[in-house]
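Below is one structure, written out as C-alpha coordinates, with a few remarks after it.
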2 protein chains.
Amino acid sequence: MSKIKKDNTEEKILEAAKTVFIKKGMDGARMQEIANEAGINKALLHYYFRSKQKLFEAIFTNLFKQIFPNIIKLMTSEEPIEKKLKEFIENYIDILTNNPRLPAFILREINRGVDFFGQIFRSQSINPNIIFAMFENEMEKGNIVRMNPRDIMLNILSMCLFPFAAKPLMQLMLFENDSEAYTQFMEERKASVTKFVLNAILLKDKHL
Amino acid sequence: MSKIKKDNTEEKILEAAKTVFIKKGMDGARMQEIANEAGINKALLHYYFRSKQKLFEAIFTNLFKQIFPNIIKLMTSEEPIEKKLKEFIENYIDILTNNPRLPAFILREINRGVDFFGQIFRSQSINPNIIFAMFENEMEKGNIVRMNPRDIMLNILSMCLFPFAAKPLMQLMLFENDSEAYTQFMEERKASVTKFVLNAILLKDKHL
DNA sequence: GTCTATACGCAGATAGAC
DNA sequence: GTCTATCTGCGTATAGAC
(Lines give C-alpha, C1' and ligand atoms only; values in the text may rest on other atoms or scores of the structure.)
Protein backbone atom coordinates (compact mmCIF):
# COMPACT_ATOMS: atom_id res chain seq x y z
CA MET A 1 0.00 0.00 0.00
CA SER A 2 2.61 2.48 1.05
CA LYS A 3 4.78 0.89 -1.59
CA ILE A 4 2.21 1.56 -4.27
CA LYS A 5 1.78 5.12 -3.20
CA LYS A 6 5.51 5.65 -3.31
CA ASP A 7 5.81 4.32 -6.81
CA ASN A 8 2.97 6.42 -8.05
CA THR A 9 4.42 9.58 -6.63
CA GLU A 10 7.89 8.89 -7.87
CA GLU A 11 6.45 8.17 -11.26
CA LYS A 12 4.50 11.40 -11.24
CA ILE A 13 7.58 13.35 -10.25
CA LEU A 14 9.69 11.83 -12.98
CA GLU A 15 7.04 12.53 -15.55
CA ALA A 16 6.62 16.12 -14.43
CA ALA A 17 10.35 16.71 -14.18
CA LYS A 18 10.81 15.35 -17.67
CA THR A 19 8.23 17.75 -19.05
CA VAL A 20 9.66 20.79 -17.30
CA PHE A 21 13.34 20.01 -17.81
CA ILE A 22 12.83 19.37 -21.52
CA LYS A 23 11.02 22.64 -21.95
CA LYS A 24 13.15 24.87 -19.72
CA GLY A 25 16.45 23.06 -19.34
CA MET A 26 18.32 22.57 -16.08
CA ASP A 27 19.01 26.28 -15.61
CA GLY A 28 15.56 27.47 -16.54
CA ALA A 29 13.55 24.84 -14.70
CA ARG A 30 12.09 25.59 -11.27
CA MET A 31 11.41 23.02 -8.60
CA GLN A 32 8.13 24.78 -7.87
CA GLU A 33 7.03 24.32 -11.47
CA ILE A 34 7.88 20.63 -11.36
CA ALA A 35 5.92 20.26 -8.16
CA ASN A 36 2.92 22.01 -9.68
CA GLU A 37 3.13 19.87 -12.79
CA ALA A 38 3.18 16.75 -10.64
CA GLY A 39 0.36 18.01 -8.46
CA ILE A 40 2.40 17.61 -5.29
CA ASN A 41 4.37 19.68 -2.85
CA LYS A 42 7.79 21.11 -3.44
CA ALA A 43 9.23 19.45 -0.38
CA LEU A 44 8.31 16.04 -1.71
CA LEU A 45 10.70 16.51 -4.58
CA HIS A 46 13.53 16.71 -2.08
CA TYR A 47 12.21 13.75 -0.22
CA TYR A 48 12.37 11.50 -3.27
CA PHE A 49 15.40 13.02 -4.96
CA ARG A 50 17.79 14.81 -2.70
CA SER A 51 18.44 17.81 -4.87
CA LYS A 52 17.55 19.44 -8.16
CA GLN A 53 20.84 18.21 -9.53
CA LYS A 54 20.08 14.58 -8.66
CA LEU A 55 16.64 14.84 -10.16
CA PHE A 56 18.06 16.34 -13.30
CA GLU A 57 20.63 13.58 -13.62
CA ALA A 58 17.94 10.95 -13.41
CA ILE A 59 15.97 12.63 -16.19
CA PHE A 60 18.95 13.38 -18.40
CA THR A 61 20.38 9.89 -18.20
CA ASN A 62 17.08 8.41 -19.15
CA LEU A 63 16.44 10.80 -22.05
CA PHE A 64 19.95 10.64 -23.38
CA LYS A 65 19.58 6.98 -24.12
CA GLN A 66 16.61 7.69 -26.34
CA ILE A 67 18.66 9.84 -28.65
CA PHE A 68 20.61 6.79 -29.77
CA PRO A 69 18.11 4.10 -30.52
CA ASN A 70 19.15 0.71 -31.79
CA ILE A 71 21.55 2.08 -34.32
CA ILE A 72 23.78 -0.92 -34.07
CA LYS A 73 21.02 -3.42 -34.62
CA LEU A 74 19.84 -1.69 -37.77
CA MET A 75 23.25 -0.89 -39.10
CA THR A 76 24.70 -4.35 -38.79
CA SER A 77 21.86 -6.48 -40.06
CA GLU A 78 22.32 -8.60 -43.14
CA GLU A 79 20.04 -6.41 -45.21
CA PRO A 80 21.45 -4.58 -48.22
CA ILE A 81 22.75 -1.11 -47.50
CA GLU A 82 19.80 0.64 -49.13
CA LYS A 83 17.37 -1.11 -46.86
CA LYS A 84 19.48 -0.58 -43.76
CA LEU A 85 19.68 3.14 -44.31
CA LYS A 86 16.04 3.45 -45.26
CA GLU A 87 14.91 1.66 -42.13
CA PHE A 88 17.22 3.60 -39.89
CA ILE A 89 16.14 6.98 -41.22
CA GLU A 90 12.45 6.16 -41.12
CA ASN A 91 12.60 4.70 -37.65
CA TYR A 92 14.68 7.52 -36.34
CA ILE A 93 12.48 10.29 -37.68
CA ASP A 94 9.51 8.43 -36.25
CA ILE A 95 11.10 8.34 -32.82
CA LEU A 96 11.91 12.02 -33.02
CA THR A 97 8.43 12.89 -34.21
CA ASN A 98 7.17 11.32 -31.01
CA ASN A 99 9.76 13.21 -28.96
CA PRO A 100 10.20 16.40 -30.91
CA ARG A 101 11.84 18.39 -28.12
CA LEU A 102 14.42 15.75 -27.32
CA PRO A 103 17.16 16.92 -29.70
CA ALA A 104 17.03 20.52 -28.51
CA PHE A 105 17.13 19.38 -24.91
CA ILE A 106 20.12 17.10 -25.35
CA LEU A 107 22.02 19.71 -27.34
CA ARG A 108 21.34 22.37 -24.76
CA GLU A 109 22.61 20.27 -21.90
CA ILE A 110 25.68 18.77 -23.52
CA ASN A 111 26.77 22.29 -24.39
CA ARG A 112 26.58 23.29 -20.73
CA GLY A 113 29.47 21.31 -19.23
CA VAL A 114 27.26 18.31 -18.45
CA ASP A 115 30.13 15.90 -18.73
CA PHE A 116 28.65 12.70 -17.41
CA PHE A 117 27.07 12.03 -20.78
CA GLY A 118 30.42 10.58 -21.78
CA GLN A 119 29.94 7.93 -19.15
CA ILE A 120 26.38 7.28 -20.23
CA PHE A 121 27.41 7.08 -23.84
CA ARG A 122 30.00 4.43 -23.12
CA SER A 123 27.60 2.45 -20.98
CA GLN A 124 25.36 2.25 -24.03
CA SER A 125 28.03 0.21 -25.78
CA ILE A 126 27.28 1.90 -29.06
CA ASN A 127 30.75 1.38 -30.53
CA PRO A 128 30.63 3.43 -33.72
CA ASN A 129 33.55 1.45 -35.12
CA ILE A 130 31.24 -1.36 -36.05
CA ILE A 131 29.18 1.03 -38.14
CA PHE A 132 32.24 2.58 -39.76
CA ALA A 133 33.50 -0.88 -40.62
CA MET A 134 30.17 -1.68 -42.21
CA PHE A 135 30.39 1.39 -44.45
CA GLU A 136 33.98 0.62 -45.35
CA ASN A 137 32.99 -2.87 -46.27
CA GLU A 138 30.37 -1.49 -48.65
CA MET A 139 33.02 0.73 -50.19
CA GLU A 140 35.30 -2.27 -50.71
CA LYS A 141 32.49 -4.07 -52.47
CA GLY A 142 32.01 -1.08 -54.74
CA ASN A 143 28.48 -0.46 -53.53
CA ILE A 144 28.96 3.07 -52.25
CA VAL A 145 31.25 5.96 -52.96
CA ARG A 146 34.58 6.20 -51.14
CA MET A 147 34.50 8.72 -48.33
CA ASN A 148 35.12 9.03 -44.62
CA PRO A 149 32.44 6.86 -43.02
CA ARG A 150 32.20 9.43 -40.25
CA ASP A 151 30.85 11.88 -42.79
CA ILE A 152 28.12 9.50 -43.80
CA MET A 153 27.10 8.89 -40.23
CA LEU A 154 27.24 12.57 -39.29
CA ASN A 155 25.33 13.67 -42.37
CA ILE A 156 22.53 11.25 -41.66
CA LEU A 157 22.32 12.24 -38.01
CA SER A 158 22.41 15.91 -38.98
CA MET A 159 19.54 15.65 -41.42
CA CYS A 160 17.43 13.70 -38.96
CA LEU A 161 18.15 15.63 -35.77
CA PHE A 162 18.70 19.20 -36.84
CA PRO A 163 15.20 19.88 -38.18
CA PHE A 164 13.82 19.05 -34.75
CA ALA A 165 16.47 20.92 -32.82
CA ALA A 166 15.91 24.03 -34.93
CA LYS A 167 12.19 23.68 -35.34
CA PRO A 168 11.14 27.17 -34.22
CA LEU A 169 13.54 28.70 -36.70
CA MET A 170 13.05 26.36 -39.64
CA GLN A 171 9.31 26.46 -39.27
CA LEU A 172 9.53 30.22 -39.62
CA MET A 173 12.03 30.14 -42.44
CA LEU A 174 10.49 27.40 -44.55
CA PHE A 175 6.79 27.66 -43.77
CA GLU A 176 6.16 31.11 -42.40
CA ASN A 177 5.45 29.56 -39.01
CA ASP A 178 2.78 27.18 -40.20
CA SER A 179 3.10 24.40 -37.64
CA GLU A 180 0.87 21.96 -39.51
CA ALA A 181 2.89 22.34 -42.67
CA TYR A 182 6.11 21.69 -40.83
CA THR A 183 4.78 18.50 -39.25
CA GLN A 184 3.61 17.28 -42.63
CA PHE A 185 6.97 18.19 -44.10
CA MET A 186 8.79 16.10 -41.48
CA GLU A 187 6.63 13.14 -42.34
CA GLU A 188 7.57 13.45 -45.99
CA ARG A 189 11.21 13.81 -45.07
CA LYS A 190 11.40 10.16 -44.12
CA ALA A 191 11.34 9.38 -47.83
CA SER A 192 13.10 12.52 -48.94
CA VAL A 193 16.14 12.13 -46.70
CA THR A 194 16.46 8.47 -47.59
CA LYS A 195 16.50 9.29 -51.26
CA PHE A 196 18.92 12.15 -50.72
CA VAL A 197 21.39 9.94 -48.86
CA LEU A 198 21.16 7.07 -51.29
CA ASN A 199 21.65 9.41 -54.25
CA ALA A 200 24.69 10.82 -52.52
CA ILE A 201 26.48 7.58 -51.80
CA LEU A 202 25.18 4.72 -53.97
CA LEU A 203 27.35 3.88 -56.96
CA LYS A 204 24.72 1.80 -58.75
CA ASP A 205 22.05 3.36 -60.94
CA LYS A 206 20.08 6.13 -59.36
CA HIS A 207 16.61 4.80 -58.84
CA LEU A 208 14.53 7.93 -58.57
CA MET B 1 37.33 61.99 -23.66
CA SER B 2 34.32 60.92 -21.71
CA LYS B 3 32.89 59.80 -25.02
CA ILE B 4 35.88 57.63 -25.68
CA LYS B 5 35.74 56.11 -22.26
CA LYS B 6 32.07 55.38 -22.69
CA ASP B 7 32.62 53.65 -25.96
CA ASN B 8 35.43 51.58 -24.61
CA THR B 9 33.45 50.41 -21.63
CA GLU B 10 30.35 49.67 -23.62
CA GLU B 11 32.51 47.76 -26.03
CA LYS B 12 34.11 45.78 -23.25
CA ILE B 13 30.74 44.96 -21.76
CA LEU B 14 29.35 43.77 -25.06
CA GLU B 15 32.39 41.62 -25.67
CA ALA B 16 32.23 40.11 -22.19
CA ALA B 17 28.49 39.57 -22.34
CA LYS B 18 28.86 37.85 -25.68
CA THR B 19 31.42 35.45 -24.26
CA VAL B 20 29.42 34.59 -21.18
CA PHE B 21 25.99 34.40 -22.81
CA ILE B 22 27.29 32.15 -25.56
CA LYS B 23 28.84 29.80 -23.06
CA LYS B 24 26.12 29.77 -20.40
CA GLY B 25 22.99 30.98 -22.15
CA MET B 26 20.55 33.55 -20.80
CA ASP B 27 19.47 31.37 -17.87
CA GLY B 28 22.93 30.19 -16.91
CA ALA B 29 24.75 33.50 -17.27
CA ARG B 30 25.43 35.67 -14.21
CA MET B 31 25.77 39.43 -14.26
CA GLN B 32 28.69 39.08 -11.87
CA GLU B 33 30.51 36.82 -14.28
CA ILE B 34 29.99 39.26 -17.13
CA ALA B 35 31.32 42.08 -14.96
CA ASN B 36 34.39 40.06 -14.04
CA GLU B 37 34.99 39.14 -17.66
CA ALA B 38 34.79 42.81 -18.62
CA GLY B 39 36.98 43.84 -15.71
CA ILE B 40 34.40 46.27 -14.40
CA ASN B 41 31.80 46.51 -11.68
CA LYS B 42 28.45 44.82 -11.70
CA ALA B 43 26.61 48.11 -11.24
CA LEU B 44 28.07 49.44 -14.46
CA LEU B 45 26.26 46.79 -16.42
CA HIS B 46 22.99 48.25 -15.22
CA TYR B 47 24.19 51.74 -15.97
CA TYR B 48 24.81 50.93 -19.62
CA PHE B 49 22.07 48.39 -20.15
CA ARG B 50 19.14 48.68 -17.85
CA SER B 51 18.67 45.01 -17.15
CA LYS B 52 20.04 41.59 -17.88
CA GLN B 53 17.20 41.09 -20.32
CA LYS B 54 18.10 44.23 -22.30
CA LEU B 55 21.74 43.25 -22.39
CA PHE B 56 20.83 39.79 -23.58
CA GLU B 57 18.63 41.15 -26.34
CA ALA B 58 21.47 43.29 -27.62
CA ILE B 59 23.78 40.29 -27.76
CA PHE B 60 21.24 37.90 -29.21
CA THR B 61 20.11 40.25 -31.95
CA ASN B 62 23.67 40.82 -33.01
CA LEU B 63 24.64 37.14 -32.98
CA PHE B 64 21.48 35.94 -34.63
CA LYS B 65 22.32 37.86 -37.74
CA GLN B 66 25.59 36.01 -38.06
CA ILE B 67 23.83 32.68 -38.35
CA PHE B 68 22.44 33.71 -41.71
CA PRO B 69 25.28 35.18 -43.69
CA ASN B 70 24.85 36.41 -47.20
CA ILE B 71 22.87 33.41 -48.30
CA ILE B 72 20.94 35.41 -50.80
CA LYS B 73 23.96 36.92 -52.46
CA LEU B 74 25.56 33.53 -52.98
CA MET B 75 22.42 31.73 -53.93
CA THR B 76 21.26 34.14 -56.56
CA SER B 77 24.50 34.86 -58.37
CA GLU B 78 24.83 33.96 -62.02
CA GLU B 79 27.27 31.17 -61.28
CA PRO B 80 26.34 27.59 -62.13
CA ILE B 81 24.60 25.70 -59.36
CA GLU B 82 27.66 23.58 -58.54
CA LYS B 83 29.75 26.65 -57.89
CA LYS B 84 27.01 28.40 -55.93
CA LEU B 85 26.58 25.49 -53.56
CA LYS B 86 30.31 24.90 -53.21
CA GLU B 87 30.93 28.51 -52.30
CA PHE B 88 28.06 28.68 -49.90
CA ILE B 89 29.06 25.53 -48.02
CA GLU B 90 32.72 26.47 -47.84
CA ASN B 91 32.02 30.01 -46.71
CA TYR B 92 29.46 28.91 -44.19
CA ILE B 93 31.64 26.28 -42.57
CA ASP B 94 34.42 28.84 -42.43
CA ILE B 95 32.18 31.29 -40.62
CA LEU B 96 31.11 28.62 -38.18
CA THR B 97 34.67 27.47 -37.61
CA ASN B 98 35.41 30.99 -36.46
CA ASN B 99 32.30 31.02 -34.27
CA PRO B 100 31.95 27.40 -33.25
CA ARG B 101 29.63 28.00 -30.32
CA LEU B 102 27.18 30.11 -32.27
CA PRO B 103 24.88 27.32 -33.48
CA ALA B 104 24.45 25.82 -30.02
CA PHE B 105 23.75 29.25 -28.57
CA ILE B 106 21.12 30.16 -31.13
CA LEU B 107 19.43 26.79 -30.87
CA ARG B 108 19.33 26.97 -27.10
CA GLU B 109 17.73 30.38 -27.07
CA ILE B 110 15.18 29.90 -29.82
CA ASN B 111 13.97 26.84 -27.98
CA ARG B 112 13.34 28.89 -24.86
CA GLY B 113 10.40 31.07 -25.96
CA VAL B 114 12.68 33.84 -27.21
CA ASP B 115 10.14 35.00 -29.72
CA PHE B 116 11.63 38.26 -30.95
CA PHE B 117 13.88 36.30 -33.30
CA GLY B 118 10.93 36.25 -35.68
CA GLN B 119 11.12 40.01 -35.85
CA ILE B 120 14.88 39.95 -36.33
CA PHE B 121 14.60 37.31 -39.00
CA ARG B 122 12.17 39.37 -41.03
CA SER B 123 14.28 42.49 -40.64
CA GLN B 124 17.08 40.56 -42.30
CA SER B 125 15.02 40.39 -45.48
CA ILE B 126 16.25 36.89 -46.16
CA ASN B 127 13.21 35.84 -48.18
CA PRO B 128 13.73 32.15 -48.69
CA ASN B 129 11.35 32.17 -51.64
CA ILE B 130 14.06 33.58 -53.85
CA ILE B 131 16.26 30.62 -53.01
CA PHE B 132 13.46 28.12 -53.53
CA ALA B 133 12.73 29.68 -56.89
CA MET B 134 16.36 29.34 -57.84
CA PHE B 135 16.31 25.62 -57.04
CA GLU B 136 13.07 25.14 -58.92
CA ASN B 137 14.53 26.88 -61.89
CA GLU B 138 17.43 24.44 -61.87
CA MET B 139 14.94 21.58 -61.77
CA GLU B 140 13.11 23.00 -64.77
CA LYS B 141 16.36 23.15 -66.67
CA GLY B 142 17.02 19.52 -65.81
CA ASN B 143 20.16 20.29 -63.87
CA ILE B 144 19.11 18.84 -60.56
CA VAL B 145 16.76 16.18 -59.33
CA ARG B 146 13.13 17.06 -58.64
CA MET B 147 12.40 17.48 -54.95
CA ASN B 148 11.03 19.94 -52.47
CA PRO B 149 13.52 22.82 -52.50
CA ARG B 150 12.98 23.18 -48.78
CA ASP B 151 14.58 19.79 -48.31
CA ILE B 152 17.67 20.86 -50.19
CA MET B 153 17.99 24.01 -48.14
CA LEU B 154 17.33 22.26 -44.86
CA ASN B 155 19.72 19.40 -45.64
CA ILE B 156 22.53 21.79 -46.41
CA LEU B 157 21.92 23.85 -43.30
CA SER B 158 21.68 20.68 -41.22
CA MET B 159 24.99 19.30 -42.41
CA CYS B 160 26.74 22.61 -41.84
CA LEU B 161 25.23 23.62 -38.52
CA PHE B 162 24.58 20.39 -36.66
CA PRO B 163 28.21 19.27 -36.34
CA PHE B 164 28.96 22.48 -34.48
CA ALA B 165 25.81 22.43 -32.37
CA ALA B 166 26.50 18.85 -31.33
CA LYS B 167 30.26 19.11 -31.11
CA PRO B 168 30.74 17.70 -27.59
CA LEU B 169 28.75 14.63 -28.52
CA MET B 170 30.01 14.05 -32.04
CA GLN B 171 33.58 14.59 -30.99
CA LEU B 172 33.12 11.81 -28.49
CA MET B 173 31.25 9.55 -30.85
CA LEU B 174 33.39 9.96 -33.94
CA PHE B 175 36.84 10.68 -32.50
CA GLU B 176 36.88 9.45 -28.93
CA ASN B 177 37.02 13.05 -27.76
CA ASP B 178 40.09 14.02 -29.75
CA SER B 179 39.51 17.73 -30.25
CA GLU B 180 42.27 18.18 -32.80
CA ALA B 181 40.91 15.40 -34.94
CA TYR B 182 37.45 16.92 -34.90
CA THR B 183 38.72 20.32 -35.97
CA GLN B 184 40.65 18.74 -38.81
CA PHE B 185 37.57 16.76 -39.74
CA MET B 186 35.47 19.92 -39.97
CA GLU B 187 38.00 21.45 -42.29
CA GLU B 188 37.78 18.45 -44.59
CA ARG B 189 34.02 18.57 -44.45
CA LYS B 190 33.97 21.68 -46.59
CA ALA B 191 34.85 19.48 -49.54
CA SER B 192 33.06 16.40 -48.27
CA VAL B 193 29.69 18.04 -47.73
CA THR B 194 29.91 19.80 -51.08
CA LYS B 195 30.51 16.51 -52.83
CA PHE B 196 27.77 14.82 -50.86
CA VAL B 197 25.20 17.43 -51.77
CA LEU B 198 26.16 17.56 -55.42
CA ASN B 199 26.07 13.78 -55.69
CA ALA B 200 22.64 13.85 -54.14
CA ILE B 201 21.02 16.38 -56.43
CA LEU B 202 22.99 16.79 -59.68
CA LEU B 203 21.57 14.94 -62.65
CA LYS B 204 24.67 15.26 -64.80
CA ASP B 205 27.60 12.86 -64.53
CA LYS B 206 28.92 12.35 -61.07
CA HIS B 207 32.33 13.92 -61.02
CA LEU B 208 34.02 12.21 -58.13
C1' DG C 1 4.71 9.91 2.89
C1' DT C 2 2.95 14.37 2.63
C1' DC C 3 2.24 18.77 4.11
C1' DT C 4 3.29 24.01 5.91
C1' DA C 5 6.53 27.05 7.39
C1' DT C 6 10.93 28.79 7.23
C1' DA C 7 15.95 29.21 6.78
C1' DC C 8 19.52 30.71 3.77
C1' DG C 9 22.11 32.10 -0.03
C1' DC C 10 22.32 34.07 -4.37
C1' DA C 11 21.46 37.14 -8.18
C1' DG C 12 19.40 41.21 -10.23
C1' DA C 13 18.74 45.73 -9.38
C1' DT C 14 19.17 50.35 -7.00
C1' DA C 15 21.15 54.20 -3.87
C1' DG C 16 24.39 57.22 -3.25
C1' DA C 17 29.35 58.66 -2.62
C1' DC C 18 33.19 60.09 -5.40
C1' DG D 1 31.23 57.25 -15.42
C1' DT D 2 32.59 54.26 -11.92
C1' DC D 3 32.63 52.50 -7.55
C1' DT D 4 30.86 50.23 -2.72
C1' DA D 5 27.13 49.10 -0.14
C1' DT D 6 22.64 47.55 0.19
C1' DC D 7 17.87 46.19 -0.86
C1' DT D 8 14.72 42.78 -2.46
C1' DG D 9 12.80 38.82 -4.26
C1' DC D 10 13.30 34.32 -5.60
C1' DG D 11 14.72 29.52 -5.51
C1' DT D 12 16.76 25.55 -3.25
C1' DA D 13 16.75 23.16 0.59
C1' DT D 14 15.51 21.82 5.39
C1' DA D 15 12.70 21.42 9.90
C1' DG D 16 9.14 19.69 11.87
C1' DA D 17 4.05 18.76 12.42
C1' DC D 18 0.65 15.43 11.00
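Everything quoted here is computed from the prediction, not taken from an experiment. Quick note: numbers below take in every heavy atom, side chains included, and nothing from hydrogens, waters or symmetry partners. The chains referred to below are lettered A, B, ... by the order of the sequence lines, with proteins before strands, and numbering in each begins at 1.
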In this structure, how many angstroms lie between the [atom2] atom of [N] and the [atom1] atom of [X], rounded?
X	N	atom1	atom2	answer
Leu44(B)	dT4(D)	CG	C1'	12 Å
Leu45(A)	dA15(D)	CG	P	17 Å
Glu10(A)	dG1(C)	CD	P	9 Å
Phe49(A)	dG1(C)	CZ	P	12 Å
Glu33(A)	dT12(D)	CD	P	10 Å
Leu55(A)	dA13(D)	CG	C1'	14 Å
Lys12(A)	dG1(C)	NZ	C1'	12 Å
Lys24(B)	dG12(C)	NZ	P	11 Å

- Message: Regarding Ala29(A), tell me which of base, sugar-phosphate or nothing describes its non-hydrogen contacts under 4.0 Å with the strands shown.
- Response: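 Sugar-phosphate only.
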Salt bridge or not for [X] and [Y], using N-O below 4.0 Å?
X	Y	answer
Lys84(B)	Glu87(B)	no
Lys12(A)	Glu37(A)	no
Glu82(A)	Lys86(A)	no

- What do you reckon, is CD of Gln53(B) surrounded by more than 12 foreign heavy atoms closer than 6.0 Å?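 Yes, enclosed.
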- Query: Take atom NZ in Lys23(B); do more than 12 heavy atoms of anything else shown fall under 6.0 Å from it?
  - Reply: no
Report each atom pair, protein N/O against N/O of nucleotides 13-18 of chain C, whose distance is under 3.5 angstrom.
residue	atom	partner	partner atom	Å
dA13(C)	OP2	His46(B)	NE2	3.0
dA13(C)	OP2	Lys52(B)	N	2.8
dA13(C)	N6	Lys42(B)	NZ	3.3

- Message: Check this one for me: any side-chain N or O of Tyr48(B) less than 4.0 Å away from OP1 or OP2 of dT2(D)?
- Response: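 Tyr48(B) to dT2(D) OP1/OP2: side-chain N or O found under 4.0 Å.
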- Message: Does dG1(D) have OP1 or OP2 under 4.0 Å away from a side-chain N or O of Thr9(B)?
- Response: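 Thr9(B) to dG1(D) OP1/OP2: no side-chain N or O under 4.0 Å.
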- Query: Is it true that the side chains of Arg189(B) and Asn155(A) contain a donor and an acceptor less than 3.5 Å apart?
  - Reply: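 Yes, a side-chain donor-acceptor pair sits under 3.5 Å.
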- Identify the heavy atoms of Ile144(A) and Phe135(A) that sit nearest to each other, and give their distance.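 Looking at all heavy atoms of both residues, the closest pair is CD1-O, 3.7 Å.
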